[in-house]
Amino acid sequence: MAVAKQRIEKYEPASIEAKWQEEWVRSGLHDTPDDSDRPNFYFLTMFPYPSGDIHVGHWYAFAPPDAAARFMRMRGHNVLFPMGFDAFGINAENAAIDRKIHPAVWTEKNMAHMREQFRRMGTAIDWRREVITCYPEYYRWNQWMFLKLYEKGLAYRGEAAVNWCPRDETVLANEQVINGHCERCDTLVVKRQMTQWFYKITNYADELLKFEGLDWPERVRVLQTNWIGRSEGAEIAFPVEGSSGEEIRFFTTRPDTIYGATFMVLAPEHPLVATITTSAKRAEVDRYVEHARNMAEIERTSAEREKTGVDTGAFARNVFTGERIPIYVADYVLSTYGTGAIMAVPGHDERDFAFAKKYALEIREVVSPDGAEHARLDEPYIGEGVMVRSGPFTGTRSEVGKQAVAEEARKRGVGKPSVIYRLRDWLISRQRYWGTPIPIVHCETDGAVPVPYDQLPVELPRDVEITGRGGSPLARVASFVNTTCPKCGKPARRDTDTMDTFVDSSWYMYRYVDPKIDTAFMNKTVGRKWLPVQQYTGGVEHAILHLLYMRFMTKALRDLGELPFDEPVIRFRYQGTIVFKGRKMSKSRGNVQTPDDYVRRYGADTLRLFMMFMGPWVDGADWNASGIEGVHRFLWRVWELGLTEPGPASARDGDVDGAVHRTIKKVTADLGDYHFNTAVAAMMELANTLQHASGTSRSEGVATLILLLAPFAPHITEELWRRRGGAGSIHQQRWPVYDEAVAAPREVTIVVQVDGKVRDRIPMPAGLPDAEVQRKALASPRVQATLDGMKPAKVIVVADRIVSIVTK
RNA sequence: GCUGGCGUAGUCCAACGGCAGAGACAACUCCCCUAAGAGGAGUUCAGUGCGGGUUCGAAUCCCGCCGCCAGCACCA
């Protein structure tokens with residue numbers, strides 16, 4: 001029986017939302033104490049880069065986690081849900097170049113705008129703990145960590161081939177290289193040898209492969225595992241014929257194919273190229289090496305390109321076959337992987353096969369799938385098999401041969417089993433202004449000298465001309481560059497590079513616990529109460545870089561004695577990406593979809609709810625607001641339900657009570673799993689049910705619905721809570737609990753199938769014994785008619801669901 | 001090219017191996033007739049990309065193909 005329509009006040013989100021947002025700030029509702037009688041729970045969401053263009057993707061990233069954090073609060077936890085800004089970065093410099101605004105001014109303006117957006121979103125953030133990475137109080141600890149890592153040998157200066165944009169005259173981060181082109185000016189990026197600072201993340205390669213005890217999505221674990229790229233094999237050396245003891249060291253994952261190594265290949269950058277090349281071949285080799293060096297990285301590493309190379313004229317000796325084998329230079333061998341040299345086994349490697357075909361080199365079968373020797377190979381055989389033409393190893397399974405050959409190499413003193421990684425050390429230097437200055441002074445006498453701890457922070461000078469040209473802007477600031485050597489006191493120059501901004505975000509979660517502390521990067525007393533982070537959320541695009549760096553930094557700090565745990569984050573969940581008409585949103589594309597119009601028209605609660613309703617959060621979505629009406633109407637229905645007198649108290653309605661308890665169960669489970677869309681659907685379903693209910697069951701059901709909805713739509717629920725006479729804030733109430741006995745449906749419809757076809761649907765009390773269900777099903781006249789005297793061969797009863805009768 | 005993920009009404013999406021539909025958009029029909037929001041009630045709409053297999057029973061598990069998306073892309 002529906003309740004008669006009453007005259008109720010209009011639902012006006014604009015005024016309700018503004019009112020409560022102010023009130024929550026005034027009453028400090030979201031300020032989280034470090035100590036309470038509730039268990040602490042650290043819920044972290046990746047902080048944003050203050051880019052200035054707020055789009056619906058930001059809401060997607062922040063509104064659902066906010067709901068999840070609020071849920072944890074209602075479930076009785078003391079939840080730390082902080083926010084801050086990843087405030088250093090290249091965009092601020094670009095703004096300075098394009099619009100003549102100082103990066104600091106531009107960043108401040110954007111942060112102010114975004115704080116306002118977060119407020120309008122209705123987030124339950126404890127802003128007292130805000131962390132901003134571009135402030136000296138923050139980045140001094142980047143410098144402190146740098147010095148600590150340096151002392152420990154985990155930060156070092158070395159030469160590397162980096163991405164260089166010839167037009168902007170600066171190195172670029174990998175993520176600033178789009179398809180081999182500079183993100184800013186679209187110039188083709190080249191590799192350039194430069195001396196840079198690195199963090200020794202490779203020390204932790206094996207540990208970073210371990211995820212024990214972590215609740216992280218499979219996809220992220222796989223991405224990180226592939227990125228680290230562990231390969232087992234052997235490192236072996238072949239001597240160069242006729243040389244003064246020179247040898248070529250190489251790594252192989254297939255030592256079992258060593259008898260098939262009919263030539264060797266060096267990367268063009270390999271140091272031995274210069275020494276072993278015969279005079280007859282010198283000119284040709286030099287030309288090839290020079291050409292390779294000038295080639296763009298993207299072109300050079302393209303797998304589609306035809307293999308090229310030149311003969312050095314030199315020979316190595318395959319110590320296993322005893323044969324002389326030619327040494328080539330080819331750019332399909334990378335100087336940056338392994339030792340920059342390979343034994344080429346054309347019979348069992350596609351690349352070597354292609355190369356051998358082109359240069360008419362010998363292709364020999366040494367692993368046979370069937371154990372028989374074959375005269376010729378039309379294509380390389382990559383798989384495992386039986387070793388053939390392999391001297392004493394002939395007849396050995398290749399899987400076994402790998403280890404056996406590696407051991408044999410060790411015995412002969414020419415090699416050993418070995419493991420290598422694709423992961424490289426983390427290049428942290430940037431020839432940019434808007435970042436953390438590297439706390440190093442270069443002295444003619446003493447070399448690279450660390451800035452003493454008591455001189456930190458090395459502050460970023462404010463007055464800098466930013467042109468985007470001519471390398472590090474800091475190098476042109478005499479007052480910054482010129483200093484004295486901390487060791488000898490003589491005039492010296494500061495390092496003018498700044499740190500990769502991923503350094504900033506590699507430890508920020510430790511700053512939130514007490515961002516004001518100025519004696520350490522982290523307040524350890526407070527940190528002990530919160531860390532490690534219980535729940536982290538963010539975009540899957542950070543699956544490798546940020547999340548890997550963060551794990552590395554935690555392990556490094558642990559080894560410095562600064563942290564008592566191994567991993568920064570116990571549970572990680574990611575959201576998918578919001579695109580617009582199939583394309584990523586960006587200012588340059590001009591397709592940024594802003595939330596402002598929707599907030600104005602429907603309110604923040606509607607937009608929050610819509611973000612969660614669009615589909616599974618992990619999937620992301622193509623932005624299309626056409627469904628927003630539906631959630632808005634739902635909030636209207638809740639509003640009406642909340643403010644309508646339910647009519648006279650009446651006997652309980654067991655069906656309504658059951659629906660209420662089932663909804664509690666469903667929403668609780670779905671919210672815990674980040675299945676926001678189905679949780680919202682369940683609440684819509686309950687609202688539909690309650691509209692047709694009355695009396696006590698209805699009014700209690702409405703009260704429950706409002707509580708369940710509170711994390712999703714914090715403003716309307718707060719308003720309804722108070723109007724309905726609730727004490728305090730709804731957001732401080734306890735999450736509803738369900739009673740399984742009430743939630744269980746009392747009556748179920750049992751479907752009866754005969755040979756797979758539905759023949760009857762019989763209502764029965766839930767929980768009936770199988771035998772009884774079977775008896776009733778067989779007694780059905782329709783079933784009897786279908787059976788027509790036939791005897792069932794088999795009857796399957798699935799409790800409370802189905803009876804399947806098989807006759808044949 | 002390799003690896004992974006995904007293909008369900010016109011659309012977005014649900015569905016422990018058990019009646020394909022939870023919720024919503026759109027469309028259509030009717031109602032409400034201002035006091036009010038882009039109101040309410042209802043109807044229509046797919047047999048789950050294609051082909052096999054397993055099973056009493058498959059959207060769900062397995063195999064092959066097609067399409068889309070993402071990641072990696074000469075990693076020795």
Side-chain angles (χ1 to χ4, degrees), chain A residues 2 5 7-13 218-219 222-223 226-227 229-231 233 250-254 257 265 267 300-305 307 330-334 336-345 348-352 354-355 420-423 540-541 543-544 576-577 579 582 601-602 610 613-616 618-622 624-637 639-640 666 675 677-688 691 749-758 760-761 792-808:
Chain A
K5 272 254 165 161
R7 189 164 161 166
I8 58 163
E9 211 178 306
K10 243 177 113 172
Y11 168 44
E12 278 174 340
E218 169 78 9
R219 180 170 168 198
V222 166
L223 281 170
N226 292 344
W227 183 264
R230 185 179 200 272
S231 292
F250 59 88
F251 175 81
T252 177
T253 55
R254 293 296 302 270
T257 63
V265 185
R300 182 161 156 192
T301 57
S302 164
E304 269 101 73
R305 216 174 106 241
K307 305 259 173 297
D331 62 9
Y332 80 89
V333 172
L334 309 176
T336 47
Y337 189 76
T339 63
I342 60 162
M343 67 166 191
V345 184
H348 305 282
D349 181 279
E350 284 179 32
R351 298 150 297 176
D352 299 343
F355 194 83
I420 64 166
Y421 302 88
R422 203 182 77 115
L423 181 72
V540 70
E541 66 274 14
I544 296 172
T577 312
V579 297
R601 195 152 163 191
Y602 301 105
F610 180 58
F613 186 60
M614 288 192 297
V618 286
D619 287 354
D622 201 329
N624 173 6
S626 69
I628 199 168
E629 298 286 345
V631 289
H632 191 58
R633 281 183 202 136
F634 164 64
L635 287 182
W636 259 101
R637 286 205 296 282
W639 180 256
E640 287 184 340
K666 173 98 178 127
H675 296 154
N677 56 327
T678 48
V680 175
M683 290 187 287
M684 287 175 164
E685 190 182 2
L686 179 61
N688 294 345
Q691 277 187 311
T749 303
I750 301 291
V751 172
V752 186
Q753 292 183 344
V754 179
D755 292 332
K757 287 206 175 72
V758 177
D760 203 359
R761 295 164 220 274
K794 198 170 169 189
V795 180
I796 294 142
V797 179
V798 179
D800 290 347
R801 288 202 183 267
I802 201 165
V803 176
S804 185
I805 300 164
V806 190
T807 61
K808 45 203 182 264

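Throughout, a chain's letter reflects where its sequence line sits, starting with A, and its residues are numbered from 1. Computed from a predicted model, the values in this text were never measured in an experiment.
Rounded to a whole angstrom, the distance from the C1' atom of rC6(B) to that of rA59(B) is 13 Å. Across the C1' atoms, rG17(B) and rG53(B) are found 15 Å apart, a figure rounded to whole Å. Here the separation of rA14(B) from rG23(B), taken at their C1' atoms, is 8 Å to the nearest Å. The P atoms of rU44(B) and rA22(B) are separated by 14 Å, rounded to the nearest whole Å. Taking the C1' atom of each, rU60(B) and rG18(B) are spaced 11 Å apart, rounded to whole Å. For the C1' atom pair drawn from rC28(B) and rC45(B), the interatomic distance equals 11 Å after rounding to whole Å. Using atom C1' as the reference point in both rU55(B) and rG10(B), the two lie 35 Å apart (nearest Å). To the nearest whole angstrom, the two C1' atoms, one in rA24(B) and one in rC56(B), are 36 Å apart.
Heavy atoms of E218(A) sit nowhere under 4.0 angstrom from any nucleic acid atom. Backbone-only contact: N688(A) has heavy atoms under 4.0 Å from sugar-phosphate atoms and none from a base.
One finds no side-chain N or O of R801(A) lying less than 4.0 angstrom from the OP1 or OP2 phosphate oxygen of rA15(B). Residue N226(A) places none of its side-chain N or O atoms closer than 4.0 Å to OP1 or OP2 of rA73(B). Applying the 4.0 Å criterion to OP1 and OP2 of rC13(B), one finds that T678(A) has every side-chain N and O outside that range. Note on R633(A): a side-chain N or O is less than 4.0 Å away from OP1 or OP2 of rG39(B). The shortest distance between the side-chain N/O atoms of N677(A) and the OP1/OP2 oxygens of rC12(B) is not below 4.0 Å.
Side-chain N/O atoms of S804(A) and base N/O atoms of rC56(B) include a donor-acceptor pair closer than 3.5 Å.
Under the Watson-Crick or G-U wobble criterion, with both distances below 3.5 Å, rA70(B) is paired with rU3(B). Across all strands shown, rC25(B) forms a Watson-Crick or G-U wobble pair, both distances under 3.5 Å, with rG10(B).
Aromatic ring pairs are classed by plane angle as parallel below 30°, tilted from 30° to 60° and perpendicular above 60°; the pair Y11(A) and W636(A) is perpendicular.
Between the side chains of E629(A) and Y602(A), at least one donor N or O lies within less than 3.5 Å of an accepting N or O.
Across the interface with RNA chain B, nearest-nucleotide mapping of I750(A) and G340(A) shows I750(A) to be the residue nearer the 5′ end.
Summarising the geometry, the separation between CG on D622(A) and P on rC13(B) is reported as 9 Å, rounded to the nearest angstrom.
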